[in-house]
Number of protein chains: 2
Amino acid sequence: MQQLTRQELHKHIAASGLKATSQRMVVYEAIVALHGHHPTAEEVYQHLKPANPSISLGTVYKTLDTFAEAELVRRVLTEEGGKRYDTNTTTHSHIYCSNTREIIDFDDPELEIVLRDFFSKRQVENFEIKSFAVQLTGKKVEPDKQISISGVSNQNL
Amino acid sequence: MQQLTRQELHKHIAASGLKATSQRMVVYEAIVALHGHHPTAEEVYQHLKPANPSISLGTVYKTLDTFAEAELVRRVLTEEGGKRYDTNTTTHSHIYCSNTREIIDFDDPELEIVLRDFFSKRQVENFEIKSFAVQLTGKKVEPDKQISISGVSNQNL
DNA sequence: GTCAGTGCAAAGACTTTGCAACACT
DNA sequence: AGTGTTGCAAAGTCTTTGCACTGAC
């Protein structure tokens, strides 16, 4: 994502019905800058601290929580239990590497079409579905090694 | 899942290369009993405590972690940041209710076929996929209300 | 008998909260 | 001006760790 001007930041935040304070703009800016890294509150704080030494960690926590409620950002599911955040992009799919614990964006329009199609036919009882995501788990391999999906075992599917 | 005998518990645990201690059997028994509830360590502890007052919470934490490493149980992704566990069943899909914070199993063979199919064609670069899961997010509705998927907005897909 | 596993309690990590001061609308 | 937001620090929650003891193999 490109650099946002102060005005744009203001607009983004105000558009969600939130007061556009300077801390919120800074936090939003940081999470945009860290897009793809799925940072924790602490990481957001560390990122914006040099340029904004007066902001407090507690405010970052509160702000991210507020943003998540307002759907300005979304929480990323983790197996480790920490809360991570990301800008609310069009894809909700992630790959989780069990070796490096990275969460990598996986953006595949085809997959999304397939799923969207599936759920437009398959209604879930007593449930109003708001969004869905695919979570892939696996391990990074060396670029020169053979890439395979054959390792997907039946009992995992 | 049915009741497991002490011998069966022993076998399950030993089969993963772990020492089959009585604490481990009790923890495994509890998580089987709580299958579908996706309990936290604390909940597992509360469940087994009445019958096993001498077991310590720390041991439950350690044991669940050990089990997860050995893939005897799996960690369930949560948005809230707490670690939850479940027996390693054949489905990996969940529905998360943002109202009640419940995690509900969603077992749909058709969906699994669709995804399995998709990923058998679509290889992911430099990544060996081990498993995948679909995470649905939404809200429970009253049984008499209209159920709809139309609320799925484009920007979430 | 050996060594991994356990209980306990303390430490650690992460997150939330209360409140006075502050700043956006 | 009024109300929601911030900074700070303290409290709270959840999880891990160290160590002496125990029990499974």
Side-chain angles (χ1 to χ4, degrees), chain A residues 6-7 9-30 38-46 48-49 51-70 72-73 75-85 101, chain B residues 6-7 9-31 38-49 51-70 72-73 75-85 101:
Chain A
R6 205 167 165 79
Q7 285 180 4
L9 287 168
H10 193 289
K11 201 173 145 193
H12 261 87
I13 293 165
S16 297
L18 301 174
K19 269 193 191 172
T21 66
S22 90
Q23 288 89 341
R24 283 178 178 177
M25 289 193 271
V26 164
V27 169
Y28 191 76
E29 194 176 32
H38 311 91
T40 61
E42 182 69 38
E43 284 162 354
V44 169
Y45 177 62
Q46 291 304 333
L48 56 77
K49 199 179 176 183
N52 309 272
S54 69
I55 200 169
S56 84
L57 177 58
T59 296
V60 173
Y61 271 101
K62 285 177 195 166
T63 303
L64 288 171
D65 199 48
T66 305
F67 282 179
E69 290 311 310
L72 250 178
V73 302
R75 295 201 186 91
V76 178
L77 304 178
T78 62
E79 285 193 357
E80 289 128 74
K83 285 185 189 162
R84 295 181 166 277
Y85 298 86
R101 305 195 160 191
Chain B
R6 205 169 165 80
Q7 285 180 4
L9 287 168
H10 193 289
K11 201 173 144 192
H12 261 87
I13 294 164
S16 298
L18 301 175
K19 266 193 193 175
T21 67
S22 90
Q23 288 89 340
R24 284 178 178 176
M25 289 191 271
V26 164
V27 169
Y28 191 76
E29 195 176 31
I31 206 169
H38 310 92
T40 61
E42 183 69 37
E43 286 162 355
V44 168
Y45 178 62
Q46 292 304 333
H47 183 266
L48 56 76
K49 199 179 175 183
N52 309 271
S54 69
I55 200 169
S56 84
L57 177 59
T59 296
V60 173
Y61 271 102
K62 284 177 195 167
T63 302
L64 288 172
D65 198 49
T66 305
F67 282 178
E69 289 311 310
L72 249 178
V73 302
R75 295 200 186 92
V76 178
L77 305 179
T78 63
E79 284 192 357
E80 291 127 74
K83 285 184 189 162
R84 295 182 166 275
Y85 297 87
R101 306 196 160 190

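Every heavy atom of this structure was used, including side-chain atoms; hydrogens, water molecules and symmetry mates were not. In what follows, every chain begins at residue 1, and chains take the letters A, B, ... in the order their sequences are listed.
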Which residues within residues 38-48 of chain B lie with some heavy atom under 4.0 Å of an atom in DNA chain C?
-> none

Roughly how far apart are His10(B) NE2 and Thr21(B) OG1, rounded to 0.5 Å?
-> 9.0 Å

Send over the distance from Arg84(A) CZ to dC14(C) C1', rounded to a whole Å.
-> 13 Å

Rounded interatomic separation in angstrom, taking CG from Leu9(A) and C1' from dC24(C) = 16 Å

Should Tyr85(B) and Val44(B) count as side-chain neighbours, where that means a heavy-atom distance under 4.5 Å?
-> no

Where do Ile13(A) and Ala20(A) come nearest, in terms of heavy atoms and distance?
-> CG2-CA, 3.9 Å

Within-4.5 Å side-chain heavy-atom neighbours: Leu48(A) and Glu29(A) = no

Quick one: are Glu43(B) and Thr40(B) in side-chain contact, heavy atoms under 4.5 Å?
-> yes

Scan Ser54(A) against the nucleic acid and name what it touches under 4.0 Å (heavy atoms): base, sugar-phosphate only, or nothing.
-> sugar-phosphate

Length of the line joining Phe67(B):CZ and dG5(C):P, which is rounded to integer Å | 11 Å

Do the side-chain N or O atoms of Thr59(B) get closer than 4.0 angstrom to the phosphate oxygens (OP1, OP2) of dT6(C)?
-> no

Figure out the CG/P separation between Asn52(B) and dG5(C), and round it to whole Å.
-> 19 Å

Provide, to the nearest angstrom, the distance between the CZ atom belonging to Arg75(A) and the P atom belonging to dC14(C).
-> 17 Å

Could you tell me whether His38(B) atom NE2 has more than 12 heavy atoms of other residues or ligands within 6.0 Å of it?
-> yes

How would nucleotides 16-25 of chain D be written as a contact map, 5' to 3', with B for base contact, S for sugar-phosphate-only contact and - for no contact, using protein heavy atoms under 4.0 Å?
-> BBB----BBS

Contacts table for residues 53-65 of chain B: side-chain donor-acceptor under 3.5 angstrom, sequence neighbours left out:
residue	atom	partner	partner atom	Å
Ser56(B)	OG	Thr59(B)	N	3.2
Ser56(B)	OG	Thr59(B)	OG1	3.1
Thr63(B)	OG1	Thr59(B)	O	2.6
Asp65(B)	OD1	Arg75(B)	NH2	2.5

Atom pair CE/CZ of Met25(B) and Arg6(B) - distance to nearest 0.5 Å | 4.0 Å

